[in-house]
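Everything on this sheet refers to the single structure shown next.
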There are 2 protein chains.
Amino acid sequence: MISNAINTRKKNIRETVLNSALHLFTVKGYFNTSVPDIVKHSACSTGSIYHHFADKKSIAEALYNCLVERMETSLNEINQNYDTTKQRCYQIIKLLFELTENEPEVMRFMLFSKHREFIADIAPICSTKPFMIMRDLVAAGMESNEVQIMDKMVAVSVMFGGALRLIQLRLDNVLKEPVQDKLEDVFTYSWKAIENNTE
Amino acid sequence: MISNAINTRKKNIRETVLNSALHLFTVKGYFNTSVPDIVKHSACSTGSIYHHFADKKSIAEALYNCLVERMETSLNEINQNYDTTKQRCYQIIKLLFELTENEPEVMRFMLFSKHREFIADIAPICSTKPFMIMRDLVAAGMESNEVQIMDKMVAVSVMFGGALRLIQLRLDNVLKEPVQDKLEDVFTYSWKAIENNTE
DNA sequence: GTCTATATCCAGATAGAC
DNA sequence: GTCTATCTGGATATAGAC
């Protein structure tokens, strides 16, 4: 789930701990989760955990980097498999919505934890790398005349802001239905906002 | 700043503490702020603080309720002073953008702290009351034919998602310019997404 | 109502056997 | 590499003088 480690058979403490941490961090929050909590949930000993991770903070960091990397890979795949900006944007929202329903914990941790509160020097670049892919994607759409010329930050925010907002509402359980039910709608309207129809 | 207390002259510990707490919570985060930190910053003693607040959590609660209430008032004022959905949406985004630049701490605390992590029983209704005002506003726009008929959650998310996303980028310092510079653009494009032009 | 001094608890982290 | 037992600091919260 977390890593695509090679040695899947031998009990991998690192991975076990990361899975427990992901669960506990998203359910109780980082600060409400103690290392003893992780010990209990993962059934790994304190000693083992501290053998594999320098400290509690490092667990969160490893988790974060791992998930961001996975997201980056998925986004790059979408860029390879689809050619128009419109298709790519659609696929990205689809991916985000699927993740929200299938792995809400992952989504919650990636999008809505305040990482800066517990990860000391989060590389601002890394933190926003998936964001940058999306921004560049929209910018490319402007060059190919698919998207209206406008401020790039505005374009990417308008294109994905609605979907991200829906995800948040869903994770907060304000939205009761699966967020996928809204996929076609939210894409259609968000795209309508930025598309260039003065062809 | 925080409260409109009557007795502004006599040193008001409650208010002083709330101001310090807002500052510290947004800069360092709730969990990285200790009561001794608040003691130092506010220059109020531990004893005084615990005389006015049951515990640390209660400080955050008081702060949160106070800010949400203020926001609610502002939104209601906008509803009174403007009649079309379009104008109201514009004014709401304008308000949010002004708050972002003038009182970024307030904005950060309201929009992006994970309150559920530290406020025990946050009334889900209260937590989303400003959200509900916005939703109802957009819904009213559908009845008056200003806004296309669509799922209300989708509509409110698309209408305000872009602006909220820009605010987040600004608070995270990814966006370097004042977010107001984007006001006209983000409103224009977001509104374009949901407006009804089959009049 | 405000203060200082202090009790209590438990988190994060380490030591050292196996 | 994994474990149990334990240290230590600092956090929340209280006691009690003024």
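Just so you know, these numbers come straight off a predicted model, no measurement behind them. Below, chain A is the first sequence line, B the second, and so on; all start at residue 1.
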Checklist line | Nucleotide dG12(C), atom P - distance to NE2 of His51(A) in whole Å | finding: 20 Å

Next item on the list: Using atom NE2 of His52(A) as one end and atom C1' of dT14(C) as the other, report the distance to the nearest whole Å.
Entry: 16 Å

Notebook entry, point to check: Starting at CG of Asn12(A) and ending at P of dG1(D), how long is that distance when rounded to a whole Å?
Noted result: 11 Å

Item checked: Side-chain heavy atoms of Glu72(A) within contact of Ile133(A), under 4.5 Å -> yes

Check: Is it true that a side-chain atom of Asp151(B) and a backbone atom of Lys182(A) form a donor plus acceptor pair closer than 3.5 Å?
Finding: no

Checklist line | DNA chain C contacts among residues 30-38 of chain A, heavy-atom distance under 4.0 Å | finding: Thr33(A), Ser34(A), Val35(A), Pro36(A)

Notebook entry, point to check: With respect to the side chain of Ser45(A), which nucleotide from dT2(C), dC3(D), dA13(D) is positioned closest?
Noted result: dC3(D)

Notebook entry, point to check: When the distance from NZ of Lys57(B) to P of dT12(D) is rounded to whole Å, what number comes out?
Noted result: 13 Å

Check: Would you say a side-chain N or O of Ser48(A) is under 4.0 Å from OP1 or OP2 of dG1(D)?
Finding: no

Next item on the list: Answer yes or no: is there a side-chain heavy-atom contact under 4.5 Å between Phe160(B) and Val138(B)?
Entry: yes

Checklist line | Closest nucleotide among dT4(D), dT14(D), dT2(C) to the Thr46(A) side chain | finding: dT4(D)

Notebook entry, point to check: If you measure from the Lys or Arg side-chain nitrogens to the Asp or Glu carboxylate oxygens, is any gap between Glu69(B) and Lys129(B) under 4.0 Å?
Noted result: no

Notebook entry, point to check: Is Glu103(A) paired with Arg108(A) through a side-chain N to carboxylate O contact shorter than 4.0 Å?
Noted result: no

Notebook entry, point to check: Within this structure, what is the CZ-to-P distance between Phe53(B) and dT2(C), rounded to whole angstrom?
Noted result: 12 Å

Notebook entry, point to check: Phe118(A) CZ to dA11(C) P: how many Å, rounded?
Noted result: 18 Å

Check: Of the nucleotides dG12(C), dA13(D), dC3(C), which has the atom closest to the Tyr50(A) side chain?
Finding: dG12(C)

Note to self: Whole angstroms only, please: what is the NZ-C1' distance between Lys28(B) and dG10(D)?
What the structure shows: 13 Å

Notebook entry, point to check: Does Asp136(A) pair with Lys152(A) as a salt bridge, N-O distance under 4.0 Å?
Noted result: no

Next item on the list: Could you tell me the separation between the CD1 atom of Ile13(B) and the P atom of dT2(C), rounded to a whole number of Å?
Entry: 4 Å

Checklist line | Whether Lys56(B) side chain and Thr33(B) backbone form a donor-acceptor pair below 3.5 Å | finding: yes

